[in-house]
There are 2 protein chains.
Amino acid sequence: MPNISIKGQQMPASPIRKLVPYSEKAKKAGKKVYHLNIGQPDIKTPVEMLNAVKSIDFEVLAYSPSAGIASYRKKLVEYYARHNISLEYTDIQVTTGGSEAILFGMLSCLDPGDEVIIPEPCYANYNGFAHVGNIVVKPVTASLEHNFALPPIEDFEKVITPKTKAILICNPSNPTGYLYSKAELETLRDIVIRHDLFLFSDEVYREFVYGGQQHHSVLNLEGLEQHAIVVDSVSKRYSACGARIGALISRNTELMTTVLKFAQARLSPPTFGQIAAEAAIDVPDSYLEAVIKEYEQRRNVLVEGLQKIKGVICPTPTGAFYTVVELPVADTEHFCQWMLEEFDHEGETVMMAPAAGFYATKGLGKNQVRIAYVLNQSDLQKALFCLEKGLDAYTSVIHNS
Amino acid sequence: MPNISIKGQQMPASPIRKLVPYSEKAKKAGKKVYHLNIGQPDIKTPVEMLNAVKSIDFEVLAYSPSAGIASYRKKLVEYYARHNISLEYTDIQVTTGGSEAILFGMLSCLDPGDEVIIPEPCYANYNGFAHVGNIVVKPVTASLEHNFALPPIEDFEKVITPKTKAILICNPSNPTGYLYSKAELETLRDIVIRHDLFLFSDEVYREFVYGGQQHHSVLNLEGLEQHAIVVDSVSKRYSACGARIGALISRNTELMTTVLKFAQARLSPPTFGQIAAEAAIDVPDSYLEAVIKEYEQRRNVLVEGLQKIKGVICPTPTGAFYTVVELPVADTEHFCQWMLEEFDHEGETVMMAPAAGFYATKGLGKNQVRIAYVLNQSDLQKALFCLEKGLDAYTSVIHNS
């Protein structure tokens with residue numbers, strides 16, 4: 001039998017899916033599992049998007065252009081203009097999910113062995129895409145005590161080497177829910193210009209900001225016209241994860257020419273998804289306003305609930321729909337597995353994502369979990385109650401063992 | 001401005017798209033261009049596929065499982081059973097087009113610096129995906145004189161090194177239209193077992209075989225259960241290129257576990273496309289029978305026409321819908337560009353793909369073009385007439401210059 005090589009086997013596994021076998025076992029055993037581990041919203045997709053797909057009248061389901069359907073790219077210019085981001089449609093290439101935008105961006109800008117600096121905890125799949133391109137992730141650690149704000153710029157300077165080509169942020173952040181301030185972004189701009197780097201910003205949660213905060217895009221940072229690359233996606237914005245439509249945005253034409261080569265190799269992004277995504281641009285504002293209001297309420301329910309549980313430390317996230325919290329346990333991977341395997345409260349339990357997988361530095365985040373508030377408020381309340389009971393029970397089991 | 005790195009810039013550009021700016025200019029100048037350069041069929045997609053998508057009744061367009069929707073994977077088992085290929089649904093992972101199956105397969109089986117042997121001329125994007133994984137393509141040259149049959153096995157033995165991990169074939173072949181015989185596949189089996197390699201077979205054109213020939217899958221080669229990897233796609237089979245649905249198939253469970261890690265990093269294949277593809281399995285046989293008959297007639301029209309043109313050498317392809325032919329010119333890239341820029345016959349011209357881009361060996365294929373017979377027979381006739389006139393005119397221009 002042929003040997004599977006090192007490359008494939010060393011591909012980092014998704015930390016969000018690691019416990020899936022245990023949740024499946026729990027469900028088979030008849031338990032109800034509240035999924036706080038994944039970013040699959042229960043929010044309805046705009047009917048306009050689904051109707052656009054239901055109304056297709058072509059007879060041949062053809063390839064779209066590699067950079068995306070031109071009418072959709074032009075429509076996206078309108079969308080960004082509403083966010084005061086001024087673009088040409090050629091600054092936008094449509095990708096198969098935000099995932100592909102991250103991959104194409106990394107492959108275009110970094111050589112094998114080159115380094116990208118990413119504040120941690122970070123979206124775990126950045127590590128996977130870096131692995132594909134043999135790119136080295138250099139973490140800079142953000143701390144729960146400071147709400148996971150941008151680490152001091154000295155920490156970035158410390159890890160910059162001649163091989164550093166880029167900094168990557170997620171704003172607002174999955175997994176921390178932190179929204180970067182304008183001042184923080186300007187600090188990043190300065191370091192990016194000083195060291196001649198690219199600045200990737202994953203802004204798929206752009207609209208999901210709470211408490212009257214404002215989102216700032218790296219596309220509006222003066223002097224970064226050639227350095228800024230934005231990753232975008234319709235997945236979370238319109239609860240349309242299955243469309244697999246994202247975008248890579250940059251005003252750097254040389255970069256866009258290079259990105260197009262990767263895009264051409266895979267031929268085209270999905271046609272149906274683009275049709276749905278194009279229709280999304282004309283969805284009335286009231287849709288997103290209601291969604292954002294709903295997430296803000298969920299955030300409040302979750303954060304207030306968590307902060308009341310003894311030993312839990314929960315910062316108040318201001319964006320996205322995640323939060324990374326500290327639990328009064330030594331090893332959240334063990335605790336989360338135990339919650340699925342050993343525990344239930346009246347037949348119910350909770351699934352969370354152990355946070356260690358969101359850190360590139362080994363040993364960090366072992367007492368933290370990422371919680372996604374993608375459930376309705378009533379379910380969130382029940383899940384919180386369950387978690388509290390579970391922590392009680394776990395602590396006494398650990399103490400008595 | 002930051003420097004774009006070597007990796008992105010060295011990504012090989014698609015040879016099929018290289019002349020697109022010239023065809024666009026030709027169209028702007030009012031010329032009608034017959035597209036023999038691309039594999040976008042004009043055949044209608046089965047209505048069952050489009051209707052399945054029009055009939056969706058879900059409210060949330062959610063992620064599908066990373067390996068694909070289970071009901072579709074199970075349905076695919078039926079499809080392969082009809083081709084006498086016996087599979088479990090866990091042997092099948094759904095991918096975003098055949099493209100992604102090639103990429104995930106390469107990344108799972110080959111380390112950076114490892115080598116894959118590919119008979120040339122070959123599908124040009126194999127080079128692109130190898131580049132992504134820093135994998136080295138070692139070509140073994142097939143010759144037009146022998147209809148692009150499998151090169152002698154000694155030629156394979158000559159390029160095998162300790163870094164060789166796999167052989168990749170496309171059967172029937174894009175770009176040559178050659179269908180490998182059972183004996184040829186058994187020769188490949190022997191070398192694969194002798195050197196402990198993987199055998200990738202891109203079988204997306206499985207049904208498109210002509211003249212009463214039979215297609216043989218590497219999945220049915222005895223002794224290759226752990227070595228054989230099939231790449232598949234609904235794009236050409238059902239003229240559904242825009243669905244972006246393919247598959248990676250292997251009975252090697254360790255490999256499939258590794259492939260799943262890459263699949264999880266990109267979350268999931270497109271949901272709409274999978275719904276269409278699942279409906280395709282129940283499309284009546286009459287659909288594909290009619291399509292195959294149509295392609296066979298087009299092949300006959302094209303090959304007979306080409307063989308009548310003075311100086312053109314055209315083998316008779318037995319599968320897919322491409323043929324690589326020799327033209328009586330020194331440089332087909334120059335000729336193809338000239339056809340778009342300088343030539344027209346009564347306002348019409350022809351676009352073909354210069355074949356050099358389908359060879360990994362520099363300097364080969366310079367007097368060859370790939371022709372796709374994806375146009376209806378009447379248009380094919382007109383395109384042939386145009387090509388003949390163009391060759392005449394070009395030859396006299398070149399002679400007189």
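First the proteins, then the strands, lettered A, B, ... as listed; each starts at 1.
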Quiz prompt | Side chain, backbone, both or neither of B/Ile43 within contact of chain A (heavy atoms, under 4.5 Å) | solution = backbone

Exercise. With the side chain counted from C-beta on, respond yes when B/Thr271 and A/Phe272 share a heavy-atom pair under 4.5 Å apart, and no when they do not.
Key: no

Quiz item: Quick one: does B/Val60's side chain get under 4.5 Å of A/Asp42's, heavy atoms only?
Solution: no

Quiz item: What distance do A/Gln10 atom CD and B/Lys261 atom NZ have between them, rounded to the nearest 0.5 Å?
Solution: 8.5 Å

Quiz prompt | Atom group of A/Asn127 that falls short of 4.5 Å from chain B, counting heavy atoms | solution = neither

Self-check item: Option in B/Pro269, B/Gly273, B/Ser268 with maximal non-hydrogen atom pairs under 4.5 Å from chain A
Solution: B/Ser268

Quiz prompt | Interface moiety of B/Ala166 toward chain A, non-hydrogen atoms closer than 4.5 Å | solution = neither

Quiz item: Using non-hydrogen atoms only, which part of B/Tyr126 is less than 4.5 Å away from chain A: side chain, backbone, both, or neither?
Solution: neither

Quiz prompt | Pick from B/Gly98, B/Ser99, B/Pro12 with the largest number of heavy-atom pairs that fall under 4.5 Å of chain A | solution = B/Ser99

Exercise. Could you tell me which non-hydrogen atom of A/Leu50 sits nearest to which non-hydrogen atom of B/Phe58, and how far apart they are?
Key: CD1-O, 3.5 Å

Practice problem: Answer with side chain, backbone, both or neither: which region of A/Leu197 has an atom nearer than 4.5 Å to a non-hydrogen atom of chain B? | Solution: backbone

Practice problem: Write down the atom of A/Phe262, the atom of B/Met11, and the distance for their closest heavy-atom approach. | Solution: CE2-SD, 3.4 Å

Self-check item: Heavy-atom pair count under 4.5 Å with chain A, highest-scoring of B/Gly128, B/Ala240, B/Ser235
Solution: B/Ala240

Quiz item: Considering only heavy atoms from C-beta outward, does the side chain of A/Thr96 approach that of B/Arg244 to under 4.5 Å?
Solution: no

Practice problem: Applying salt bridge (Lys or Arg N to Asp or Glu O under 4.0 Å), name anything that partners B/Glu48, two or more places apart in sequence or on another chain. | Solution: none

Quiz item: Quick one: what part of B/Asn51 sits under 4.5 Å from any heavy atom of chain A, side chain, backbone, both or neither?
Solution: neither

Exercise. Would you mind reporting whether B/Leu61 and A/Val53 have side-chain heavy atoms less than 4.5 Å apart?
Key: no

Quiz prompt | Min side-chain heavy-atom separation B/Lys54-A/Ile56 under 4.5 Å | solution = yes

Self-check item: Sorted by number, residues from residues 62-72 of chain A in contact with chain B (heavy atoms, under 4.5 Å)
Solution: A/Ala62, A/Tyr63, A/Ser66

Quiz item: How long is the span from the CG atom in B/Leu103 to the CZ atom in A/Arg266, to the nearest 0.5 Å?
Solution: 12.0 Å

Quiz item: What residue among B/Asp111, B/Val132, B/Asn134 forms side chain to side chain contact (heavy atoms under 4.5 Å, CB included) with A/Asn134?
Solution: B/Asn134

Quiz item: Which region of B/Pro46, side chain (C-beta onward) or backbone (N, CA, C, O), has a non-hydrogen atom less than 4.5 Å from a non-hydrogen atom of chain A, or is it both or neither?
Solution: neither

Quiz item: Checking heavy atoms, do the side chain of A/Ala124, its backbone, both or neither come under 4.5 Å from chain B?
Solution: neither

Quiz prompt | B/Lys44 side chain vs A/Glu59 backbone, donor-acceptor pair below 3.5 Å | solution = no

Quiz item: For the candidates A/Gly242, A/Pro270, A/Ala243, which exhibits the highest count of non-hydrogen atom pairs separated by less than 4.5 Å from chain B?
Solution: A/Gly242

